[in-house]
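Any value given below was found using the heavy atoms of this structure, including those in side chains, with hydrogens, waters and symmetry copies removed.
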Amino acid sequence: MGVYVGGYESKVSVVDGELAVVGGIPVTAPSFLAAHPKLPLLYVVSEIDDGRISVVQGFETIESRSSGGASPCHAAVDPAGAWLAVSNYMDGVLSLHRLDAEGRFDGPALEFPHHGSGPDLDRQLGPHAHQAVFDPDNILHVSDLGTDEIRRYQVDDEVEVLPPVRLTPGSGPRHMDCRDDRWYLVGELDGVVRAYDTDWKELARTPATRTDLQNHPSHLQLHGEHLYVGNRGPNTISVFDPETLELVAEVPSGGTWPRHFAFADGRLTEKKLYVANQHSGEVAEFRLAGGVPEPTGAVIALGSPSCVVGSGPAA
């Protein structure tokens, strides 16, 4: 089993279970990757001014089109494999792309711009769509770092724009995840992890790191019985109890500036965690011991890695 690694080099690296590069897929600035839930396809954003989104199968790009905005930083496919959502960071545009039965683009993209700002004059002068997450009711939630909002869209045969959820001013919502009756979200600007109910009423909050270093949290993800958060600055991965937001562990990320991480099955089905450390140019491998990451010692050097996709249908 292997992983795919995107970054700011002009290729997606294909890495095997021994953490060795076994291939590359030429794509400009592939900063984020998303796997189709049912088909052996990857969707790859090109984080450039005139953003692109590409469909990759095997080692080839089979289709590419405009991302609908500037500097796309995230892509997500709904569980049915019918829609692809692309978050364009620089201008805040969300684009939705209908997919056919083969996972290809089906008709023109739908583009949803946004307006607003936040109190941070350096980072929040305008909207910055950062991540899109489909919930079980097929409501698409989009974190907007620039406006301190969760933008919402009902995505069925047609798309309905729903009222956004307003969050703590200056928090800079970045990545989120949901399970059962809770949402979890980390603020890139205030460094705080928050838990919400399904109506987005805040239930609990905690700092993403217990260090005294300035923190710009990156990725947040639920896995198994724990909640994981990457901390850029402290260069750690924090592990929390999702029920209480109590810190279970905080461990070094194996490099500098952990931008993203992913879980995958390793050899002998052992669960592994792979961390993309962007500034040190390496992906570090961890085993999970009771949910706590432990370094295996395996590290691979790659230029500016920013996203890791674990093995699945796209493998």
* Tyr153 and its side chain to side chain contact (heavy atoms under 4.5 Å, CB included) partner, picked from Asn138, Leu94, Leu162 ->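 Of the listed residues Asn138, Leu94, Leu162, the side chain to side chain contact (heavy atoms under 4.5 Å, CB included) partner of Tyr153 is Leu94.
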* Asked: With a cut-off of 6.0 Å (strictly less than), are more than 12 heavy atoms of other residues, nucleotides or ligands near CG of Asp137?
  ->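 Buried by this count: over 12 neighbours within 6.0 Å.
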* To do: Count the heavy atoms belonging to other residues, nucleotides or ligands that lie under 6.0 Å from CZ of Arg65, then report whether that count exceeds 12.
  =>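 Yes, the 6.0 Å shell around CZ holds more than 12 heavy atoms from other groups.
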* Parallel, tilted or perpendicular, as decided by the 30° and 60° cut-offs, for the rings of His74 and Phe32 ->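 Judged by the thresholds at 30° and 60°, the geometry between Phe32 and His74 is tilted.
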* To do: Please state whether the rings of Tyr43 and Phe105 are parallel, tilted or perpendicular, taking 30° and 60° as the class boundaries.
  =>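 Answer is tilted, since the angle falls between 30° and 60°.
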* **For Val165, the rest of its hydrophobic cluster, which grows through side-chain links under 4.5 angstrom** => Val133, Ile150, Leu167, Met176, Trp183, Leu185, Tyr196, Trp200
* Give the minimum heavy-atom separation between Asn88 and Ser95, together with the two atoms involved. =>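 Closest approach of Asn88 to Ser95, heavy atoms only: ND2-OG, 4.0 Å.
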* **Distance, nearest 0.5 Å, that separates CD of Glu246 from CG of Leu227** =>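 The CG atom of Leu227 is 13.0 Å from CD of Glu246, to the nearest 0.5 Å.
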* Structure fact -> Taken to the nearest 0.5 Å, the spacing of Gln57 CD from His36 NE2 works out to 11.0 Å
* **Check: Asp197 side chain, Lys201 main-chain N or O, donor-acceptor pair, under 3.5 Å** =>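 Side chain of Asp197 to backbone of Lys201: a pair is present.
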* To do: Using modelled atom types only, decide if a donor and an acceptor are shared between the side chain of Glu225 and the backbone of Asp241 within a distance under 3.5 Å.
  =>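 No: the side chain of Glu225 does not pair with the backbone of Asp241.
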* To do: Please step through side chain to side chain donor-acceptor pair (under 3.5 Å) for the pair Ser171 and Asp190, ending with a clear verdict.
  => CA-CA 5 Å; Ser171 58; Asp190 69 0; 4.6 Å; no
* Member of Thr209, Asn231, Asn215, Thr206 meeting the side chain to side chain donor-acceptor pair (under 3.5 Å) criterion with Ser238 ->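 Of Thr209, Asn231, Asn215, Thr206, side chain to side chain donor-acceptor pair (under 3.5 Å) with Ser238 is met by Asn231 alone.
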* Return yes if a side-chain donor-acceptor contact under 3.5 Å exists between His130 and Arg174, otherwise no. =>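 Per modelled atom types, His130 and Arg174 side chains form a pair under 3.5 Å.
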* Asked: Using the benzene-type ring in the case of Trp, are the ring centres of Phe286 and Phe261 under 6.0 Å apart?
  ->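 No, the ring centres sit 6.0 Å or more apart.
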